[in-house]
Number of protein chains: 2
Amino acid sequence: MGTVGIREVAQRAGVSPGTVSNVLNRPERVAAATRARVEQAIRELGFVRNGSAATLRAGQSRAIGLVVLDVGNPFFVAVARGVEDVVSDRDHAVILCNSGESPEREARNLRVLAEQRVRGVLITPTDEDLSRLDLLRQRGVAVVLVDHPATGDVCSVSVDDVAGGDLAVAHLLARGAERLAYVTGPLAIRQCTDRRKGARRALRAAGLPARALEDVVVPEMNASGGALAAEKLLSGELPDAIFCANDLLALGVLRALSQAGVRVPDDVSLIGYDDIEFSSAAAVPLSSIRQPTYQLGKIATELLLDECDSPTGHAHQQIMFQPELVVRESSR
Amino acid sequence: MGTVGIREVAQRAGVSPGTVSNVLNRPERVAAATRARVEQAIRELGFVRNGSAATLRAGQSRAIGLVVLDVGNPFFVAVARGVEDVVSDRDHAVILCNSGESPEREARNLRVLAEQRVRGVLITPTDEDLSRLDLLRQRGVAVVLVDHPATGDVCSVSVDDVAGGDLAVAHLLARGAERLAYVTGPLAIRQCTDRRKGARRALRAAGLPARALEDVVVPEMNASGGALAAEKLLSGELPDAIFCANDLLALGVLRALSQAGVRVPDDVSLIGYDDIEFSSAAAVPLSSIRQPTYQLGKIATELLLDECDSPTGHAHQQIMFQPELVVRESSR
DNA sequence: CTGTTAGCGCTTTCAG
DNA sequence: CTGAAAGCGCTAACAG
């Protein structure tokens, strides 16, 4: 396998390696005729630029990292689309990493991204401990928090989860629920605790005690987790209404309840969170809290690239969107 | 930002750069005491190895590429999980790329992967034209086709789509359907044509002419595509049964039909393909054709890494799984 | 507008 | 078991 480098191309086109590099990176600085010769040589030789060499030279690559909690969750897929669209406009690449809600995997992912010398990282952290990010930031890698509000010297783009939890539970209460359950993933996940905080606020506003809302914690925020939660609920006295920390959980709850002969919303009301596409198509169309997912990814990426491009004259900002209640059959 | 390289670590630990490299890559060849000193220096300095430099030196990176048709499709997400699990066991990384069913984006993705000097590529091609892959293969990059049967000198792992199409339509016919529709994405996509081939085989076996199955082609294999197909179907006389080339399409069809007041399965039977998790939770639980998705990713990756590890003593093989019919409400 | 050149940080022989 | 040194392929600065 003859190594085809910039040297060989240069030789074939009768120019110097520097000129080939210019054709690749700043074509406008090369005379049209020379450029054409070089481009032909590139084609004939099947030359493909060595990205590692370029990255090594430049000190950083033309890529950013995106670390999400669950690639299997359509919520994050939608965010990723927003990221992808902005990034490819600017001729960068996205390295998509999945932490699977595990801090250890998150740390591994961050190390790989650091090794790859990405320009920046978009991340939905697995927990409150942001010290893992310092590894990156100290090295001059820009970081933007996605779906996680920041407090200080870092950009973030998020949605008001307290408001969302409030919205969801206020709605259930308005429909007459008195005993509620909150089905959630690990409480180390910020989204989970914030949504609960909002739920409790709604309870207080209605004059109900916090114990009117029972927590059902499961290890994974997916349909299996939901099924597990439903089992727990079925083993006791069913509540009037169930608020799930995301739609995947709600879908799992819905299925398990139906199989047990419990009717939604007649026997129990149900509301999810995220308003993923599948929710409206569920056996019982699911009420949910909608978030501007694509926007989340888009804005976060713009913030990140802005920080990369002018590390000095960049003011960190925390952007927070408001969620929206979507009422469907499951809580009607 | 003080650049912390292997040099600085070496200096601090009082050893040579070569020794630090050995600690990183072949720790067993370094005396325990020396190793401990080096590891401490690494920690104290917050050293992170420069992956580009290592890749440049090695000629290839410890990463493989995975190019899928649609990251938004749970089918590919499941495949990706299989890939991820094998790869991380072997201390490699996955670069996930989305072609979005577009040959142009596929070509772009492949170029990036070539530039990154990945060891190998797993790909579900957008069309029959595999020449785009030669760019890689000529450069010694191993390639395995995923969900796409190969014919010759390349590995592939796939599921028998002709059998799947046959299974689906034979089932619909057995339930008494006489006029059918096939809702599909672009026929350039192999899966789409193979499933149709199987469908027609079932028709023949039942003594029906090929025209008993009307094609409804939409540009994208997702829920919007399905809605579009439903519109077309509603503008004419509805068939007895609808076979969709994947579950996302079927879900879209289901929703659009329901909104138009058409009842499934009473007015029209419906079956999808892939048996994604959401299908069983749909408004009308969806019949579908199940494929061993996780296995697909797992086996493909094992084949790929095998080829990478012994490029010479590697025999290409084409593995084909059989799909399975799953009957639910939508065609009962 | 084009050529020359000096590394980017790491790994890997080859000596010691 | 450890050190010295060459070079992977590319780019950017400077000279012509």
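Chain letters run A, B, ... following the sequence lines, proteins first, then strands; residues in each count from 1.
- Residues A:Glu28 and A:Pro17 both approach DNA chain C. Their nearest nucleotides, taken by heavy-atom distance, put A:Glu28 toward the 5′ side.
- In this model, the phosphate group of C:dT11 is approached by a side-chain N or O of B:Asn25 to a distance below 4.0 Å at OP1 or OP2.
- For A:Ala31, taking side-chain heavy atoms from C-beta onward, the closest of the listed nucleotides C:dG3, C:dT11, C:dC1 is C:dC1.
- Panel note: side chain A:Gln318, backbone A:Val154; a donor-acceptor pair is recorded below 3.5 Å.
- You'll find that the side chain of B:Phe47 is closest to C:dC10, out of D:dA4, C:dT12, C:dC10.
- Across all strands, A:Gly18 comes closer than 4.0 Å to base atoms (heavy-atom distances).
- Remark: the B:Asn50 side chain and the A:Glu115 side chain contain no N/O donor-acceptor pair separated by less than 3.5 Å.
- Nucleic acid contact for A:Thr34: sugar-phosphate only, since backbone atoms but no base atoms lie under 4.0 Å from a heavy atom of the residue.
- Between the side chain of B:Ser88 and the main chain of B:Glu84, a donor-acceptor pair closer than 3.5 Å is present.
- Atom CG in A:Leu24 sits roughly 15 Å away from atom P in D:dG9 (whole-Å rounding).
- Look at CZ on A:Arg139: it is 14 Å from C1' on C:dC8, rounded to the nearest Å.
- The listed nucleotides are C:dT11, D:dC10, C:dT12; the one nearest the side chain of B:Ala54 is C:dT11.
- Nucleotide D:dC8 holds its P atom 20 Å from the CD atom of B:Gln116, rounded to whole Å.
- Nucleic acid contact for B:Arg26: sugar-phosphate only, since backbone atoms but no base atoms lie under 4.0 Å from a heavy atom of the residue.
- Computed from coordinates, the B:Gln11 CD to C:dG9 C1' distance equals 15 Å when rounded to whole Å.
- In this entry the distance linking CD of A:Glu115 with C1' of C:dC10 reads 12 Å, nearest Å.
- In terms of position along DNA chain D, the nucleotide closest to B:Thr19 lies nearer the 5' end than the nucleotide closest to the other residue of the pair B:Leu56 and B:Thr19.
- Residue-level contact check: A:Val30 touches the backbone only, with heavy atoms under 4.0 Å from sugar-phosphate atoms and none from bases.
- In this structure, B:Arg35 places its CZ atom 14 Å from C1' of D:dT2, rounding to the nearest Å.
- More than 12 heavy atoms of other shown residues, nucleotides or ligands fall within 6.0 angstrom of atom CZ in B:Arg137.
- One interatomic measurement links the two molecules: CZ of B:Arg49 to P of C:dC8, which rounds to 19 Å at whole-angstrom precision.
- Remark: side-chain polar atoms of B:Arg119 are not paired, donor with acceptor, to backbone N or O of B:Ala142 under 3.5 angstrom.
- Nearest nucleotide to the side chain of A:Ala53, out of D:dC10, C:dC10, D:dT2: D:dC10.
- Put simply, CD1 on B:Ile6 is 19 Å from P on D:dG7, counting in whole angstrom units.
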